[in-house]
Amino acid sequence: MPELPEVETVRSGLADHVLGRRITGVQVLRDRAVRRQAGGAEEMRALLTGRAFSAAVRRGKFCWLTLDGPGGVGEDYALLAHLGMSGQLLVADAASGAATNPHLRVRVEFADGPDLWFVDQRTFGYLTVADLVPTSDGGPGGDAGGSPVAPLLPAPVAHIARDLLDPVLAEPAARAALNRRVRAGRRGIKRALLDQELISGVGNIYADEALWRAKVHYARPTDRMRPATVATVLDAAEAVMRDALVAGGTSFDALYVNVNGASGYFDRSLAVYGQEGEPCPRCGALVVRETFMNRSSFFCPRCQRAPR
DNA sequence: CGAAAAACCTGCATGC
DNA sequence: TGCATGCAGGTTTTTC
């Protein structure tokens, strides 16, 4: 499932393959793939046609392509993508046979070269052309991976917090402030990790992996955790996502592929996620699966002791 | 107002 | 074989 490392892989691929290319057409094959667009697919087509992508930017699990103005200046809006559970952005030539792809939702055509495809089986993902608005969380900061700083955010992303690969959150003062915010709430630590308005980019897979690395149970109440323990969890979340990024992201059953269609292989490195009944790589105890927040939580019952 | 639950959606695996 | 059920789950919306 696309979480931060997968989306960053996609962003990087988009930066390499679609920037500077002029859009000549947009075909929406399923209307639901375009959301938060008052004028729907027709409005998206009108806003994109004739313009060119100028930068590929990401925050958390959201990725967007800013647009050059008609005269080559001005970046007042962007093509925003959220991949949901199964979304893919593929740079693919129409001749590559994916015309038969039953999950192709939107096709962006350029004056030159291969199309940009939005493919999504489970249809939780979407595209929209959104206005860029000033950030509300302290000015420019951008994101990791060498992408441009982001003094502006697409409106639907304005409430999304910075992610752990954001250079701003590498600063000790900012990290300490985040640590305090985590402990200010009264809830289980996993719930905090998954709160995109607190920290973005972490999904169910990396939350479980981070908590395993930090040896912390998912239900530990944040308001009773020591600052050093919270710091360990945040560092583990950052580390596991960086490791996954190096590997190209996690993938399952070929639902997720990067911008060129190559699957990541970090799933081979998962310690607990999806490993119910398998031995903990650290202590050998059998990994347990429990239902939490209407989804699965995997953990080692010996390394990660439940709160009393 | 904040937190928790429901809704959205499709394909695959499983059970009868 | 066919049908019903369960599961995957990020975000938005609704409910408490």
Side-chain angles (χ1 to χ4, degrees), chain A residues 1-8 10-11 28-38 58-64 80-89 100-106 118-128 130 153-161 163-164 181-211 218-223 237 241 244 249-257 263-264 266-267 270 272-277 287-298:
Chain A
M1 314 306 163
E3 300 180 28
L4 186 154
E6 292 77 17
V7 180
E8 173 57 25
V10 168
R11 186 210 64 77
V28 177
L29 288 80
R30 176 174 295 210
D31 286 342
R32 267 196 68 79
V34 176
R35 301 185 203 175
R36 299 165 162 269
Q37 195 88 56
R58 178 190 58 76
R59 173 173 285 204
K61 303 168 193 172
F62 287 85
C63 179
W64 61 94
L80 174 67
H82 195 291
L83 302 179
M85 290 171 48
S86 57
Q88 307 168 34
L89 285 168
T100 61
N101 189 323
H103 308 304
L104 178 60
R105 308 306 187 197
V106 180
F118 178 62
V119 176
D120 190 16
Q121 175 197 102
R122 297 181 191 169
T123 71
F124 273 31
Y126 64 90
L127 302 181
T128 185
L153 296 177
V157 183
H159 67 295
I160 300 295
D163 57 67
L164 290 168
R181 289 192 61 201
V182 169
R183 287 178 290 111
R186 182 181 181 80
R187 52 185 171 177
I189 180 64
K190 183 172 179 179
R191 209 179 275 280
L193 281 179
L194 294 175
D195 183 351
Q196 303 296 302
E197 299 188 33
L198 186 62
I199 327 160
S200 65
V202 182
N204 200 42
I205 296 171
Y206 294 119
D208 280 2
E209 291 297 305
L211 290 167
Y218 66 84
R220 282 277 297 279
T222 52
D223 61 338
M241 291 194 293
T250 305
S251 81
F252 297 94
D253 56 62
L255 271 181
Y256 171 77
V257 290
S263 295
F266 186 72
D267 52 302
L270 294 175
V272 288
Y273 185 85
Q275 308 300 311
E276 180 180 18
V287 172
V288 171
R289 179 176 79 86
E290 290 181 0
T291 297
F292 174 68
M293 292 175 72
N294 267 333
R295 65 195 71 190
S296 292
S297 280
F298 298 91

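Chain A is the first sequence line, chain B the second, and so forth, proteins listed ahead of strands; every chain is numbered from 1.
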* CG-CG distance between A/Asp120 and A/Leu127, expressed to the nearest 0.5 angstrom -> 9.0 Å
* Asked: Does A/His82 place a side-chain N or O at less than 4.0 Å from the phosphate oxygens OP1/OP2 of C/dT12?
  -> no
* **Separation of atom CG in A/Asn204 from atom P in C/dA8, rounded to whole Å** => 9 Å
* Asked: Taking only N and O in the side chain of A/Arg295, is any of them less than 4.0 Å away from OP1 or OP2 of C/dG10?
  -> yes
* **Integer-rounded Å distance: B/dA7 P and A/Phe124 CZ** => 12 Å
* **Proximal nucleotide (of B/dG11, C/dT12, C/dG10) relative to the A/Glu3 side chain** => C/dG10
* Would you check if A/Arg187 and A/Asp195 make a side-chain contact, meaning some heavy-atom pair closer than 4.5 Å? => yes
* What is the distance, rounded to the nearest whole Å, between atom CE of A/Met293 and atom P of B/dA6? -> 13 Å
* Asked: In whole Å, what is the span from the CG atom of A/Leu193 to the C1' atom of C/dG10?
  -> 15 Å
* Asked: Roughly how many Å is it from CZ in A/Phe292 to P in B/dA3, rounded to a whole number?
  -> 13 Å
* Structure fact -> Rounded to whole Å, CG of A/Leu194 lies from C1' of B/dA3 at a distance of 15 Å
* Is A/Arg289 near enough to C/dA8 that one of its side-chain N or O atoms lies under 4.0 angstrom from OP1 or OP2? -> yes
* Would one find a side-chain N or O of A/Gln196 under 4.0 angstrom from OP1 or OP2 of C/dT11? -> yes
* Distance below 4.0 Å between A/Arg191 side-chain N/O and B/dA4 OP1 or OP2 -> yes
* With A/Thr128 as reference, evaluate A/His82, A/Gln37, A/Arg36 under the side-chain hydrogen bond (donor to acceptor under 3.5 Å, both in side chains) test and give the passing residue. => A/Gln37
* Asked: Does a nitrogen or oxygen in the side chain of A/Ser296 sit under 4.0 Å from OP1 or OP2 of C/dA8?
  -> yes
* Structure fact -> Residue pair A/Arg35/A/Gly185 against DNA chain B: nearer the 5' end by closest nucleotide is A/Gly185
* A/Arg186 CZ - B/dA3 C1' separation (whole Å) -> 13 Å
* Counting just side-chain N and O atoms, does A/Arg32 come under 4.0 Å of either OP1 or OP2 of B/dC9? -> yes
* Whom does C/dT13 pair with, Watson-Crick or G-U wobble, provided both distances fall under 3.5 Å? -> B/dA5
* Structure fact -> In A/Glu290, A/Gln275, A/Glu276, the residue satisfying side-chain contact (heavy atoms from CB on, under 4.5 Å) with A/Phe298 is A/Glu276
* Asked: Under 4.0 Å: is that the gap between some side-chain N or O of A/Arg30 and OP1 or OP2 of B/dC9?
  -> no
* Pair A/Asp223 + A/Arg186: basic N to acidic O under 4.0 Å -> yes
* Can we say A/Asp208 and A/Lys190 salt-bridge, meaning some charged N sits less than 4.0 Å from an Asp/Glu carboxylate O? -> yes
* **Minimum-distance nucleotide to A/Arg122 side chain [options: B/dA6, C/dT12, C/dA8]** => C/dA8
* Closest to side chain of A/Gln121, choosing from C/dT11, B/dT10, B/dA6 -> B/dT10
* Asked: Atom CG of A/Asn101 and atom C1' of B/dT10: how far apart are they, to the nearest Å?
  -> 14 Å
